[in-house]
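A short worksheet on the structure shown next.
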Amino acid sequence: MAKDSIYDKDAADYAVNFIECLSHTKGKWSGKPFELIDWQEQIIRDLFGTLKPDGYRQFNTAYIEIPKKMGKSELAAAVALLLTCGDGEERAEVYGCAADRQQASIVFEVAADMVRMSPALSKRVKILSATKRIIFQPTNSFYQVLSAEAYSKHGFNIHGVVFDELHTQPNRKLFDVMTKGSGDARTQPLYFLITTAGSDTKSICYETHQKAKDLMEKRKIDPTFYPVIYGADESDDWTDPKVWKKANPSLGITVGIDKVKAACESAKQNPAEENAFRQLRLNQWVKQAVRWMPMDRWDKCAFAVNEEDLLGRVCYGGLDLSSSIDITAFVLVFPPLDEDDKYIILPYFWLPEETLSARVNRDHVPYDVWEKQGQLKATEGNVVHYGFIEKFIEELGEKYNIREIAFDRWGAVQMVQNLEGMGFTVVPFGQGFKDMSPPTKELMKLTLEEKVAHGGHPVLRWMMDNIFVRTDPAGNIKPDKEKSSEKIDGAVATIMALDRAIRCGNDTSASVYDNRGILFI
């Protein structure tokens with residue numbers, strides 16, 4: 001809950017009561033009151049009961065990722081009816097979206113049956129089956145089915161969208177049309193996204209899944225987005241009934257454990273079924289890339305780093321400029337003095353000052369907090385001021401014995417010349433497998449052995465957690481900037497500096513001062 005939001009029990013009770021006045025429409029439950037299961041009730045209470053100080057709902061997007069047969073369609077239909085008939089919104093436009101008309105009709109048919117089974121609603125609601133529209137006459141509100149294969153781009157004034165099986169969307173067009181600006185004229189639009197896991201990591205669903213995970217794991221902040229993911233972890237044993245229970249909150253209620261057991265036995269016999277079982281029954285993204293760095297092991301290396309103790313010591317720099325409108329990272333790595341010592345990492349980051357608050361809003365990453373804490377520096381203007389960074393590195397060179405600075409050749413020509421002019425030894429560092437693989441593997445090895453000390457720097461930690469790696473057929477690895485959904489510049493700079501530190505060590509025979517003399521400022 002955001003710090004200034006309030007929980008309004010009456011609003012939550014109202015939403016729960018509205019839904020529980022509806023009836024189930026399928027199988028053995030048909031005609032029985034819709035009693036929300038605990039996990040469903042929690043979602044409804046949080047979404048409809050968490051209000052901003054102005055009295056409107058805090059959450060405008062809910063992402064619910066859950067295995068099949070958990071009562072998804074019934075919950076989605078109930079939310080669609082609540083937004084259309086029970087939300088007090090005049091001329092509310094509520095849309096049911098799916099990949100194709102047949103899929104979009106599933107939730108609609110459930111909603112239509114719920115209306116038919118409710119005397120109170122059937123008096124006030126008109127069902128237009130041919131056009132898949134439900135009209136709530138007292139407020140002239142409607143619920144309308146749309147599909148990715150047929151939709152208009154104009155004229156939406158959205159109060160609610162129920163997206164069923166988001167992972168089946170063929171592209172992001174319908175999602176963007178329905179969610180970007182289309183609800184601006186409404187006081188509290190709600191985008192209710194409900195899906196099982198998919199397999200396409202380039203999809204809009206995976207992008208949203210990743211955002212939900214980032215919010216749940218506190219890597220991002222967005223008080224308007226409500227994430228719920230029920231599923232098995234990558235490392236879980238998919239054949240273990242305890243794992244099934246964890247991933248399936250309605251197990252034993254909407255689906256019997258015997259059904260899941262039978263599906264599991266079948267998947268054991270037929271490996272081709274394993275992915276389907278894991279995706280549909282355990283809600284795992286079966287082809288998804290896995291984050292590379294185990295963050296619990298990285299966090300164990302948060303040994304305190306005292307900059308005063310490092311004065312005069314040999315170290316190596318890694319410089320990743322990315323682009324002038326982006327984060328620039330410079331990382332120093334100090335090689336160990338003896339067997340008991342560690343590789344010490346000192347990172348520095350810069351962002352353009354003028355774009356800082358816009359970035360916080362766009363990326364939902366706390367750059368502003370890091371800047372106040374001194375973990376990230378803002379340079380004047382709307383691009384990173386390279387002169388400022390060069391001066392900063394020059395001053396670092398007076399405190400520490402910076403033997404070499406490794407840099408990514410891209411876009412660094414002028415700065416490299418300027419640093420060379422200051423007397424630094426600057427070495428180009430290739431970004432391909434050949435150069436990046438050995439130090440990338442070494443960073444993992446040293447982290448697992450707790451042979452690095454990084455002081456728990458939050459910006460570097462965030463970037464390490466963002467890394468996805470690419471592997472070539474020979475087993476070489478390198479950080480993949482395209483696959484990594486967020487910034488990894490500091491991690492790349494660390495890997496480059498680590499490479500030089502491992503190769504050259506503490507050999508001080510050719511001190512940098514021998515080459516350039518001592519600078520007097």
Side-chain angles (χ1 to χ4, degrees), residues 60-68 72-73 76-77 79-80 83 93-108 131-133 143-184 186 189-215 220 222 224-229 231 275-276 278-280 283-290 362-364 466 468 470 480-486:
N60 63 25
T61 305
Y63 178 77
I64 320 293
E65 192 181 286
I66 192 151
K68 71 173 195 169
K72 249 198 335 289
S73 303
V79 168
L83 291 170
E93 295 180 23
V94 180
Y95 294 93
C97 297
D100 55 48
R101 195 169 164 80
Q102 191 180 355
Q103 179 74 45
S105 300
I106 293 171
V107 174
F108 174 85
T131 52
K132 301 282 185 263
R133 183 181 280 234
Y143 165 52
Q144 172 71 55
V145 167
L146 287 178
S147 67
E149 58 195 13
Y151 62 91
S152 153
K153 291 193 173 187
H154 304 290
F156 292 125
N157 181 3
I158 286 171
H159 177 59
V161 175
V162 174
F163 247 105
D164 187 30
E165 297 298 16
L166 184 60
H167 77 94
T168 59
Q169 284 295 307
N171 53 49
R172 59 181 307 138
K173 284 183 192 164
L174 179 61
F175 182 86
D176 285 350
V177 165
M178 301 312 286
T179 59
K180 291 198 172 20
S182 56
D184 288 355
R186 302 285 180 178
L190 179 65
Y191 307 104
F192 190 79
L193 320 173
I194 191 157
T195 187
T196 45
S199 57
D200 178 7
T201 54
K202 295 276 189 289
S203 62
I204 180 62
C205 188
Y206 186 69
E207 187 183 305
T208 315
H209 160 91
Q210 209 52 60
K211 178 175 181 178
K213 282 195 74 169
D214 285 342
L215 291 168
K220 285 192 170 183
D222 182 351
T224 68
F225 191 106
Y226 181 77
V228 175
I229 297 177
N275 269 1
R278 290 166 74 133
Q279 180 187 335
L280 299 173
N283 211 36
Q284 288 183 321
W285 285 77
V286 285
K287 290 182 192 164
Q288 87 194 65
V290 180
R362 187 191 72 198
D363 302 345
H364 306 295
N466 289 335
F468 287 82
R470 182 173 290 195
D480 187 341
K481 283 193 177 183
E482 285 175 25
K483 211 190 287 177
S484 305
S485 54
E486 296 286 356

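Starting from 1, each residue takes its place in the sequence as its number.
The closest donor-acceptor contact from the side chain of Glu65 to the backbone of Val228 lies at 3.5 Å or more, if one exists at all. Asn283 contributes a side-chain N or O that, together with a main-chain N or O of Ala197, makes up a donor-acceptor pair within less than 3.5 Å. Remark: side-chain polar atoms of Thr195 are paired, donor with acceptor, to backbone N or O of His167 under 3.5 angstrom.
For the pair Thr179 and Thr61, the minimum side-chain heavy-atom distance is 4.5 Å or more. At least one side-chain heavy atom of Leu146 sits under 4.5 Å from a side-chain heavy atom of Phe156. Under the 4.5 Å side-chain criterion, counting only non-hydrogen atoms from C-beta, Arg186 is in contact with Glu93.
Of the residues listed (Phe192, Tyr191, Phe175), the one engaging Phe163 in a ring pair (Phe, Tyr, Trp, His ring centres under 6.0 Å) is Phe175, and it is the only one.
Note that CG of Leu166 is 10.0 Å distant from OG1 of Thr196, once rounded to the nearest 0.5 Å. Here Ile158 contributes atom CD1 and Leu190 contributes atom CG; the two are 11.5 Å apart, rounded to the nearest 0.5 Å. Summarising the geometry, atom CZ belonging to Arg172 is positioned 5.0 Å from atom NZ belonging to Lys180; distances are rounded to the nearest 0.5 Å. Taking CD from Gln284 and CZ from Arg278, the interatomic distance works out to 4.5 Å, rounded to the nearest 0.5 Å. Note that CZ of Phe108 and CD of Gln144 are 8.0 Å apart. Values are rounded to the nearest 0.5 Å. Remark: Lys211 NZ to Glu486 CD distance equals 10.5 Å, nearest 0.5 Å.
Glu165 meets the salt bridge (charged side-chain N to carboxylate O under 4.0 Å, His left out) test with Lys72; sequence neighbours excluded.
Heavy atoms only, all atoms of each residue included: Tyr95 and Tyr143 are closest at C-CE1, 4.0 Å. Nearest heavy-atom pair across Ala99 and Ser147 is O-CB, 4.1 Å. Across all their heavy atoms, Gln103 and Ala98 have their closest contact at CG-CB, 3.4 Å. In terms of heavy-atom proximity, Asp222 sits nearest to Leu215 at N-CD2, 3.3 Å. For the pair Val145 and Ser105, the tightest heavy-atom approach, listed with the atom from each and the gap, is CG1-N, 4.4 Å. Closest approach of Pro189 and Asn60 over heavy atoms only: O-CB, 3.2 Å.
Ring pair Trp285/His209 is tilted by interplanar angle, where 30° to 60° counts as tilted.
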Derivation of the side chain to side chain contact (heavy atoms under 4.5 Å, CB included) call for Phe225 and Thr208: CA-CA 10 Å; Phe225 191 106; Thr208 315; 3.8 Å; yes
